[in-house]
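Here the structure comes first, spelled out in structure tokens, and everything after it is commentary.
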Amino acid sequence: MTVSTPVLEIKGLHKAYGELEVIKGVDISANKGDVVSLIGSSGSGKSTILRCCNLLEDSQQGDILFQGEAVKWKGNGANRVPADSKQVIRIRTNLSMVFQQFNLWAHMTILENVMEAPVTVLGHDKAEIEEKARHYLTKVGIGDKCDVYPAQLSGGQQQRAAIARGLCMEPEALLFDEPTSALDPELEQEVIGVIKSLAEEGRTMLIVTHDMKMAADISSHVVFLHQGLIEEQGAPADLFGAPKSERLKQFLSSTHYA
């Protein structure tokens, strides 16, 4: 049996902001079709890990590999930066990030928002991308909103448009950074429904979330972070059903999951 190369792999990751060390040596990997949820209290380093994966933040130490290909670096420690800008673009376009605050262009229609990156970054044919964009907007349940502007949509609809925008890049993996935390509970459920359907399709996803029920329902693997380190990780049934670490027990109890 051959062992498949992970879509995304982090080895010994360290990240500091000046004197403040936020990530203190973390290993995480996601194989094709894995849904890996990162949970933990505010300040535990979850979102920073995601931003380091997508090279939106530079890490000071450790390896980031995309489909077995390691990010090339130059410099050391605080001066370490990616060495190959073309590699950065290639990796970023294959790891679509969905942010907490949607980040849609206010002056563009929803359809134009979804089409923008494949056309301008990847140079794809506009007519072909329009067809794909309409397909993905229908897939997330807002196919009838193509010609409206972000301000005319609810928060849940805007987040679904942001997910369609990520899908239109046809990435190898999707990175979600607290995708439901800016939404009220009713709208949150719309977005969770979309993420669940993507998980059922076997899409590779790395999700930072405060929603323990969603993490328990859709993850193949859950990572609990505490103070920049992995405190506990494993199958959702183990972490949520029989947590070993006192810190995780305390965390689940504070989120009313336990």
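All heavy atoms count here, side chains included; hydrogens, waters and symmetry mates do not. All residue numbers refer to positions in the sequence shown, counting from 1.
How far CG of L229 is from CD of E21: 8.0 Å, rounded to the nearest 0.5 Å. In this structure, CZ in F102 is found 11.5 Å from CZ in R160, a value given to the nearest 0.5 Å. Taking CG from D147 and CD from Q152, the interatomic distance works out to 10.0 Å, rounded to the nearest 0.5 Å. From E57, atom CD reaches atom CG of N54 across 11.0 Å, with rounding to the nearest 0.5 Å. In this structure, the separation between CE on M97 and CZ on R51 is 5.5 Å, given to the nearest 0.5 Å. One finds the OG atom of S37 at 9.5 Å from the CG atom of D211 (value rounded to the nearest 0.5 Å).
A heavy-atom distance below 4.5 Å is not found between the side chains of L50 and L56. For the pair P243/E231, no side-chain contact is recorded, criterion being any heavy-atom separation below 4.5 Å from C-beta on. With a 4.5 Å cut-off on side-chain heavy atoms, I129 and L122 do not count as touching. Between I49 and V208, the closest side-chain pair of non-hydrogen atoms is not below 4.5 Å. Residues I110 and C146 are not in side-chain contact: their nearest non-hydrogen atoms beyond the backbone lie 4.5 Å or more apart. Put simply, the side chain of I207 reaches to within 4.5 Å of the side chain of I195, judged on heavy atoms. The shortest side-chain heavy-atom distance between V81 and W73 does not fall under the 4.5 Å cut-off. For the pair R165 and N103, the minimum side-chain heavy-atom distance is below 4.5 Å.
Checking each of L153, N113, L187, V191 against Q158 for a side chain to side chain contact (heavy atoms under 4.5 Å, CB included) leaves exactly one that passes, namely L153.
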Let's go through E232 and R247 carefully: what are the C-alpha distance in whole Å and the side-chain angles of both, what is the deciding distance for side chain to side chain contact (heavy atoms under 4.5 Å, CB included) to 0.1 Å, and is it a yes or a no?
CA-CA 9 Å; E232 195 171 333; R247 181 66 196 101; over 6 Å; no
Please lay out, stage by stage, how K126 and E130 fare under the test salt bridge (charged side-chain N to carboxylate O under 4.0 Å, His left out).
CA-CA 6 Å; K126 206 169 176 180; E130 180 174 343; over 6 Å; no
With side-chain hydrogen bond (donor to acceptor under 3.5 Å, both in side chains) as the criterion, how do Y136 and E170 come out once you've worked through the C-alpha distance, each side chain's angles and the decisive distance to 0.1 Å?
CA-CA 10 Å; Y136 286 121; E170 305 211 312; 2.7 Å; yes
Could you go through I39 and T255, starting from their C-alpha distance and side-chain angles, then the distance that decides it, and tell me whether this counts as side chain to side chain contact (heavy atoms under 4.5 Å, CB included)?
CA-CA 11 Å; I39 63 170; T255 60; over 6 Å; no
Steps toward side chain to side chain contact (heavy atoms under 4.5 Å, CB included) verdict (C168, M115)
CA-CA 7 Å; C168 203; M115 290 175 62; 5.8 Å; no
Could you give me the CA-CA distance, side-chain angles and deciding distance for F66 and V71, then say whether side chain to side chain contact (heavy atoms under 4.5 Å, CB included) is met?
CA-CA 8 Å; F66 173 70; V71 173; over 6 Å; no
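Within 6.0 Å of CG on N76 lie no more than 12 heavy atoms contributed by other residues, nucleotides or ligands.
Of all heavy-atom pairs between H14 and S59, the closest is O-CB, 3.4 Å. When all heavy atoms of V98 and A162 are compared, the pair lying nearest together is CG2-O, 4.2 Å. Nearest heavy atoms, A161 versus V114: O-CG2, 3.8 Å. Contact detail for C52 and I64: the closest heavy-atom pair is O-CD1, 3.3 Å.
For the pair K15 (side chain) and D58 (backbone), a donor-acceptor distance under 3.5 Å is present. Of the possible donor and acceptor atoms, none in the side chain of N94 sits under 3.5 Å from a partner among the backbone N and O of P171. Counting only distance, with no hydrogens or angles, the side chain of T204 and the backbone of G33 share a donor-acceptor pair below 3.5 Å. Side-chain atoms of S220 come within 3.5 Å of backbone N or O of V35 as a donor-acceptor pair. Formation of a donor-acceptor pair under 3.5 Å by the K46 side chain with backbone atoms of L225 is not found in this model. Between the side chain of E172 and the main chain of V7, no donor-acceptor pair closer than 3.5 Å is present.
The cluster map of Ile, Leu, Val, Met, Phe, Trp and Tyr, joined by side-chain heavy atoms under 4.5 Å apart, puts V26 and V22 in the same cluster. L95 and L206 fall within a single hydrophobic cluster, where Ile, Leu, Val, Met, Phe, Trp and Tyr are joined by side-chain heavy atoms under 4.5 Å apart, directly or via other members. Two different hydrophobic clusters hold F99 and F176 under the rule that ILVMFWY side chains link at heavy-atom gaps under 4.5 Å. One hydrophobic cluster, built from ILVMFWY side chains closer than 4.5 Å, holds both L13 and I230. Residue M205 is not grouped with residue L65 when hydrophobic side chains (ILVMFWY) are merged at heavy-atom distances under 4.5 angstrom, including chains of intermediate members.
Residues that satisfy the side-chain hydrogen bond (donor to acceptor under 3.5 Å, both in side chains) test with E201, not counting sequence neighbours, are K139, R203. Under the rule for a salt bridge (charged side-chain N to carboxylate O under 4.0 Å, His left out), the partners of E69 that lie at least two apart in sequence or sit in another chain are R90.
Listed by first and then second residue, the ring-ring contact (aromatic ring centres under 6.0 Å, His included) pairs involving residues 190-231 are F224-F251 (not counting sequence neighbours).
Salt bridge status for K132 with E128: present, with a side-chain N to carboxylate O gap under 4.0 Å.
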